[in-house]
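The structure appears below as structure tokens.
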Amino acid sequence: MSLKRVVITGIGVVSPLGKGLPALMKGIEEGRSTVQRMEGWEAYHGLQSLVAAPAELRDEKLIPRQKRRSMGRMSIFAAQAADEAVADAGINLAQEDRWRVGSIIGSTMGSARSINETFEIMMPQKDLSKLSSTMFFQCMSHTASVNVAQYLGLNGTIMAPAAACASALHSIGAGYDLIRLGRQEVLLCGGAEELHPTVTASFDILYATSTKYNDRPHLTPRPFDKDRDGLVCGEGSGIVVLEEYERAVKRNARIYAEIVGYSTTGNGLHMSQSNKESMVTCMQQALRDAAAAPGSIDYINAHATATVQGDQEEAEAIREVFGSTVPVSSLKGYIGHTLGASGAIELAASLAMMDRGIVYPTLNLENVGPECRGIGHVMKPESRELRTILKNGFAFGGINAALVCRKI
Amino acid sequence: MIDQDIINKTNKVFEESFEIEKERLVPTAHIFTDLGLDSLDIVDLVVALQNTFGVKIRNEERVRDIRTLEDIYKFIAEMKKEEAGKTS
């Protein structure tokens, strides 16, 4: 059986830099940090990191109430990103074979605010009677994917990989496989996540957050920098429209890139510590899937969250596979770590870079940490033709994912 | 004669929880066909009415017979009367 080709024909983003891909790219172009000190977070005893990169929730009432009522914050972001992606792809969903269009949108978990609110309502008196009918739909793990599917009336495959910070790449990888196999024609793939002090706390208790920049928030996170001290949480959603190549060509769609390679591996060693060897294998397998030599990669969009150990492992893995010549940058300095959404938001920005022929640098990378040296760090905007790019995404649980996209 | 306070508070629930314009909140309005509520909304309506009027109606069979806003006004009035009877 011959495999189908899969292309990306639409992009939608809600990020800390604003609603829409143009807002994201404008902020990156301007070198703007969205990290700020969060009001009220001091109330959480023991929380060391008081910074985050919030996105603005706006225009949500444009979503009809009966579609919106089951959406937590993250699902609203996802619905808005999906709207943008579908419009960008020029697809009229009403005219599609509805069984062949679906959504695969992952996240670490359901809406953090809704989960907290549910327990705040319920726990003091152990009383369920004040819970709304739709609270559970906001809390469940597949909330973003099903809310987008219900909002847009999708009848095809509806899935929600929950792989923490690799969720979006898992979603795109799963969509790539489903279209390659001919099971679906169009899939809205990506991730969504929302900010909450309890989300930052999950990293904070593991000493994985940035804690030294609470009074200078714009200087953190600092991926690959010698003074990096941990990650900063962000929020938002990124959705890409994956489409079978022949039909995209037939309808004369704008094609951002073809997905030519994907791989995901587990490290099988440690729940929270990154592992170079399994990252190396993941990237090598993605390259093999793409039939691409390491030297043919024009840009690597790193996962690099600015944790001390994670950045080191990724830098060493990239050095081993690619040496020092391939340009590498991380976008976490601009928008923080958008967790389950990061793979898709950062892929969207990478595809825009491909489109513009420009590579944007790692914000806050001033002095490369000695253990992160030997790879092609991008320190300032560089004009160059990007034909083939690789996007990394790693997650708690020892999960690695890598995606290779090529311009056609 | 229904207490105006019950009417006002009930209508406020429809305005705030279900985003329905004030002008549409007439006593004869059918809550499903005219106001567009569905089965999930009814669960939230029950919670909102319980919170607003301090009555327990979740397991009350008479909820199933409610069709119009006026039915709700009357039902709440009855419930409040019954609760008052229990406490007196």
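Letters A, B, ... are given to chains in the order of the sequence lines, protein chains preceding strands, and every chain is numbered from 1.
- Your options are B:V43, B:L37, B:D41, and the one with the most heavy-atom pairs under 4.5 Å with chain A is B:D41.
- More than 12 heavy-atom neighbours from other residues, nucleotides or ligands sit within 6.0 angstrom of CZ on B:R24.
- Between B:E19 and A:Q66 there is no side-chain heavy-atom pair separated by less than 4.5 Å.
- A 4.5 Å side-chain heavy-atom check between A:R65 and B:I20 finds every atom pair outside the cut-off.
- Atom CD of B:E21 is surrounded by more than 12 heavy atoms from other residues, nucleotides or ligands within 6.0 Å.
- Contact annotation for B:S39: neither backbone nor side-chain heavy atoms come within less than 4.5 Å of a heavy atom of chain A.
- With sequence neighbours excluded, the residues satisfying salt bridge (charged side-chain N to carboxylate O under 4.0 Å, His left out) with B:D38 are A:R69.
- Other residues, nucleotides and ligands contribute only 12 or fewer heavy atoms inside 6.0 Å of the NE2 atom of A:H142.
- Within 6.0 Å of the CZ atom in A:F136, the count of heavy atoms belonging to other residues, nucleotides or ligands does not exceed 12.
- The shortest heavy-atom contact between B:L40 and A:S133 is O-OG, 3.0 Å.
- Within a 6.0 Å sphere centred on CZ of B:R62, heavy atoms belonging to other residues, nucleotides or ligands number more than 12.
- Residues of residues 83-111 of chain A lying under 4.5 angstrom from chain B, judged on non-hydrogen atoms, do not exist.
- Interface remark: B:Q50 contributes side-chain atoms only to the contact with chain A (heavy atom separation under 4.5 Å).
- In the displayed structure, B:Q4 atom CD is contacted under 6.0 Å by more than 12 heavy atoms of other residues, nucleotides or ligands.
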